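Counting convention: from 1, in listed order, for ligands and their atoms alike. Computed from a predicted structure; not experimentally measured.
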Amino acid sequence: MNPVLSVSRLEKRFGAVVAADALTLDIPAGQKISLIGANGAGKTTFVNMVTGYLKPDSGTILLDGMDIGRRSPRSVARLGISRSFQIPQLFVELTAAENLTVAISGIGTRMSLRAPAEAQGRRDKAVELLQRFGLADLADRPISELAGGVRKLIDIAMALVRRPKLLLLDEPTSGVSAEEKFTTMDRVIHAVAPDAATIVFVEHDMEIVSRYADRVVAFYQGRILADGLPADVLNNLEVRRYVTGGV
Ligand code: ATP
């Protein structure tokens with residue numbers, strides 16, 4: 001089967017720093033892939049290039065065979081790649097449902113306010129999405145009143161609005177308490193399942209990586225150090241030395 005995403009010889013430099021060094025990677029549909037690497041290894045640079053937030057210096061990024069390497073973030077999102085951020089990008093003064101309604105409406109927000117039936121349909125879709133994350137009872141609470149873990153989940157729900165082919169999550173459990181981290185990931189996996197989306201998540205917590213990823217890609221100084229099954233990558237000597245600090 002053709003990969004959903006195919007990245008070939010992707011390069012990005014910031015002055016003397018090589019943040020992406022000939023990155024080559026194929027991602028087939030339905031995989032849950034974790035990107036690991038020490039601070040500064042190049043994980044976010046990779047995510048930013050794939051989602052249109054950074055232009056690569058060279059190399060190609062194909063989504064279902066289409067070259068998206070020069071497209072804007074908005075265009076990439078329309079074509080089927082959604083992302084969440086390390087810090088949730090939410091309107092804190094609006095409620096959870098209102099945030100999702102804004103995302104569902106896209107640029108048609110103002111129109112929807114004049115068309116009650118349409119607005120109700122969008123609200124129903126927002127509540128349905130919250131339900132998938134087990135958050136329906138928080139629909140009418142302002143984001144400012146909600147805990148960090150819940151905000152993360154709502155940010156991920158925002159990314160699901162477009163039913164993406166590929167979902168990129170930047171540290172879904174950072175800022176989430178140790179007690180909440182597995183529940184948070186369980187809810188993410190459960191919520192994404194109906195769309196059978198392909199998930200790439202950046203993660204520093206190896207317990208989360210080994211429990212939820214079916215493939216791990218380890219980055220080091222802008223390069224891919226290892227790529228394979230979690231048990232193999234996490235036991236790789238170089239990965240243990242440069243990434244997880246186990247040697
Ligand atoms: P972290 O786990 O801390 O988020 P990371 O693996 O995501 O790290 P990147 O943020 O991709 O790493 O950074 C890769 C390298 O590129 C680092 O050396 C970083 O300092 C550098 N870098 C990233 N963005 C920029 C930028 N906008 N300007 C200059 N240097 C940058």
**Item:** Arg215/Asp232 ion pair, N-O < 4.0 Å
**Value:** no

**Request:** Mind checking whether Thr45 contacts ligand 1 via backbone (N, CA, C, O), side chain (CB onward), both or neither, at a 4.0 Å heavy-atom cut-off?
**Result:** both

**Asked** Is a salt bridge present between Lys152 and Glu171, judged by a nitrogen-to-oxygen distance below 4.0 Å?
**Response** no

**Message:** Tell me the protein heavy atom at minimum distance from atom 3 (O) of ligand 1, and give that distance in Å.
**Reply:** Asn39 OD1, 3.3 Å

**Item:** Protein residue, atom and distance nearest to atom 10 (O) of ligand 1, heavy-atom basis
**Value:** Thr44 CB, 3.8 Å

**Option among Leu100, Leu146, Ile143, Val102 that satisfies the side-chain contact (heavy atoms from CB on, under 4.5 Å) test with Leu90** = Ile143

**Item:** Taking atom 18 (O) of ligand 1 as the reference point, the nearest protein heavy atom with its distance
**Value:** Val17 CG1, 3.4 Å

**Prompt:** Does the ring centre of Phe219 sit less than 6.0 Å away from the ring centre of Tyr242?
**Reply:** no

**Request:** Give a yes or no on whether atom 6 (O) of ligand 1 lies under 4.0 Å from any heavy atom of the protein.
**Result:** yes

**Item:** Greater than 12 external heavy atoms within 6.0 Å of Ile87's CD1
**Value:** no

**Request:** For atom 2 (O) of ligand 1, grab the closest protein heavy atom and report residue, atom and distance to one decimal in Å.
**Result:** Lys43 NZ, 2.8 Å

**Message:** Closer than 4.0 angstrom, basic N to acidic O: yes or no for Lys12 and Asp57?
**Reply:** yes

**Asked** Who's closest to atom 25 (C) of ligand 1 heavy-atom-wise, of Phe14, Phe219, Tyr220, Phe46?
**Response** Phe14

**Request:** Select the closest option to atom 14 (C) of ligand 1 among Ala38, Gly37, Gly40, judged by heavy-atom distance.
**Result:** Gly40

**Item:** Hydrophobic cluster identity match, Leu62 and Leu54, side-chain contacts under 4.5 Å
**Value:** no

**Request:** May I ask whether His204 has any heavy atom positioned less than 4.0 angstrom from an atom of ligand 1?
**Result:** yes

**Asked** Short list, please: which atoms of ligand 1 are under 4.0 Å from a heavy atom of Ala41?
**Response** 5 (P), 6 (O), 12 (O)

**Asked** Of the protein's non-hydrogen atoms, which lies at the shortest distance from atom 12 (O) of ligand 1, and what is that distance?
**Response** Gly42 N, 3.1 Å

**Asked** Does some non-hydrogen atom of the protein lie less than 4.0 angstrom from atom 23 (C) of ligand 1?
**Response** yes

**Request:** Determine, for Tyr53 and Arg83, whether the Lys NZ or Arg CZ falls below 6.0 Å from the six-membered ring centre while staying within 45 degrees of the axis.
**Result:** yes

